[in-house]
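The structure appears right after this line, and notes come after that.
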Amino acid sequence: MSARNEAGWRAAPALPRDYWVPGSVYTQPDIFALERREIFGRTWRFACHESELPEPGDYRCVEHAGLDLFLLRGPDGLVRCFFNACSHRGARLLSAPSGNARKITCFYHLWTYDSRGRCIGIPRAEGYSRAGIGKSQLGLREVRCESHLGLLFINLDDEAPPLEDYLDGALAPFDSILRSGPLEVFHFSRTVLDCNWKAWHETNMDLYHEYMHVVLRQTQVNAMPMEDRALQVFANGHGGSGRLRAAYDGYRGFKGRGSDEVPPLPGTTATEFLFSILFSGSAVLSRGTVMRIDTVSPQGPDRTVLEMRGLGIKGEPQEHRRIRERHHNQYWGPFGRNVPEDMLAAESCARSFSGTTANHQLIAREEALTGQDDAILRNFYREWSRHTGVEWDCDAGARS
Amino acid sequence: MSLPEVSFEAARSLVATACLALDEEDFCSFLACCSDDFHYTIRVHSPELRRDMTWLEHDLAGMQGLLEGVRDHLRRQGRLLRHLGASVLVEASAQHTVLDTSVLVLHTDLEGVTRVWAAGRYRDAVAAGADGARLLNRRVQLHTRDLGTGSHVPI
Ligand code: FES
Ligand SMILES: [Fe+2]
């Protein structure tokens with residue numbers, strides 16, 4: 001047993017390809033460009049929750065794959081998604097993150113669009129008659145948008161299979177919560193992290209890092225036998241876990257959380273921990289009384305916008321909402337005991353890979369889909385390679 | 001007999017003392033600035049949701065538990081410095097003196113690089129206690145919403 005020299009440190013591990021990931025997948029600009037095109041350009045991605053645009057005319061701006069988009073609820077109640085750019089000279093149409101607009105008038109030359117993205121107004125349109133340009137050709141670029149029980153997803157690929165086929169049941173653990181009645185987003189935060197988007201997403205897929213978090217050491221690691229845990233992997237790179245448990249009394253500040261101080265979300269219990277990992281960069285989690293949804297929008301190999309939402313029951317009494325907010329904030333708020341630590345971990349690994357101090361990471365834990373198996377990570381990276389065409393083996397680093 | 005009103009200067013001095021205690025992570029001294037009925041909240045307006053959010057809320061016991069646990073956690077390294085701007089008097093009565101104070105929180109990392117981490121405003125209610133002025137209520141209205149890797153220590 002000894003430390004390694006340079007050759008030993010840099011050598012690809014003599015392991016099956018599934019068990020490790022080369023650092024270049026986090027840092028190489030050409031691999032990032034491939035991800036943009038082949039993953040973010042083609043797969044379904046969570047955009048926002050329906051409660052964020054409850055009324056006709058409500059819109060919500062989102063970033064996706066380097067693009068500015070917005071979702072808008074029409075007078076027919078349907079939510080549609082469009083590029084947030086004017087057909088004329090490309091000005092950004094909507095600049096506030098959310099709002100209400102019955103029609104959208106571009107500030108620059110006052111071209112106007114309706115809720116279906118049709119161009120319905122061009123001042124002094126006759127000036128375009130010689131060029132043969134008219135409103136009918138000048139609608140906005142519409143982006144596919146489908147809902148799964150109130151969760152709105154978008155896809156830049158006009159030919160992609162329907163959302164439900166893509167999800168392949170990965171959100172089934174949340175069915176009873178999502179079907180029980182309207183939910184509402186009460187927490188939203190957007191954070192730019194100095195890491196690759198996958199480094200963040202890995203914090204949601206990697207159960208082994210429970211040991212990093214004091215609260216999970218004290219409330220989760222010993223709350224049930226490791227071998228009773230049931231992790232799941234799905235087609236299309238998704239993963240998740242049903243029925244993990246937490247013993248909240250184990251952490252001093254969380255005493256009473258497992259009791260009935262507020263009704264748990266329907267179909268779950270106060271101490272149950274559920275999560276679904278969606279390829280490419282979203283995760284849906286619930287801790288009994290409160291739900292969280294993460295989404296990443298990569299801006300570069302080493303820069304990632306992370307959006308986090310906290311959800312409760314729409315219309316619930318104020319005293320319930322307050323407790324749910326507290327439960328959310330205990331773990332997941334910017335002043336919480338869990339998420340800030342995950343962010344530090346993601347940025348720490350990113351630093352090692354961007355400077356090439358570290359060479360690769362290991363995802364080699366095999367526990368037959370129990371305990372802290374790395375199976376969800378392996379499933380993710382298999383799907384990642386399927387899309388990008390980037391492969392690696394122990395004789396070479398990543399190649400596309 | 002009603003307790004004496006707390007002067008603007010005394011209230012401002014307590015706000016500054018409480019900030020220095022938090023900067024130094026001298027949590028005992030910070031808690032000593034708080035009354036038994038202390039209530040603490042961090043509020044943030046979300047233009048995305050078009051509503052106000054609560055990012056932290058505690059009574060004195062909750063705050064005590066939160067602060068006592070800080071040292072067990074994995075935390076961003078370096079130190080915070082709360083820079084107080086001007087205070088204005090919002091309300092003065094026999095019950096309490098209420099001040100609004102703008103605050104910038106600076107983070108200095110282990111290499112000595114300082115960056116603004118958060119901007120916002122304190123609304124502090126200060127009341128007279130048996131042995132001096134105490135914080136009755138602190139509401140932090142944060143303007144900054146991207147707090148990077150967050151913080152285990154309140155503002
Ligand atoms: S750029 Fe929008 S109207 Fe000209
Ligand atoms: Fe974590």
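Sequence lines set the chain letters: A, B, ... in the order given, protein chains first and strands last, and positions in each chain run from 1. Bear in mind that the values here come from a model prediction, so they are computed numbers and not experimental data.
The greatest number of non-hydrogen atom pairs below 4.5 Å with chain B, out of A/Gly333, A/Gly253, A/Gly99, A/Gly336, is found for A/Gly99. Contact count against chain A (heavy-atom pairs under 4.5 Å) is highest for B/Leu49 among B/Leu147, B/Leu49, B/Leu56.
With a 4.5 angstrom heavy-atom cutoff, B/Val44 does not touch chain A via any of its atoms.
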Determine which donor-acceptor pairs between chain B and chain A fall under 3.5 Å and list them with their distances.
unit_1   : atom_1 : unit_2   : atom_2 : d
B/Pro47  : O      : A/Ser98  : OG     : 2.8
B/Glu48  : O      : A/Ser98  : OG     : 3.0
B/Arg50  : NE     : A/Ser98  : OG     : 3.1
B/Arg50  : NH2    : A/Gly99  : O      : 3.4
B/Arg51  : NH1    : A/Glu184 : OE2    : 3.2
B/Thr54  : O      : A/Asn329 : ND2    : 2.9
B/Trp55  : O      : A/Asn329 : ND2    : 3.4
B/Trp55  : NE1    : A/His187 : ND1    : 3.2
B/Glu57  : OE1    : A/Arg322 : NE     : 3.3
B/Glu57  : OE2    : A/Arg322 : NE     : 3.3
B/Glu57  : OE2    : A/Arg322 : NH2    : 2.4
B/Leu66  : O      : A/Arg337 : NH2    : 2.6
B/Glu68  : OE1    : A/Arg252 : NH1    : 2.4
B/Glu68  : OE1    : A/Arg252 : NH2    : 3.1
B/His73  : ND1    : A/Glu341 : OE2    : 2.6
B/His73  : NE2    : A/Tyr251 : OH     : 2.7
B/Asp146 : OD2    : A/Val192 : N      : 3.0
B/Ser151 : N      : A/Pro334 : O      : 2.9
B/His152 : O      : A/Arg337 : NH1    : 3.0
B/His152 : NE2    : A/Glu341 : OE2    : 2.9

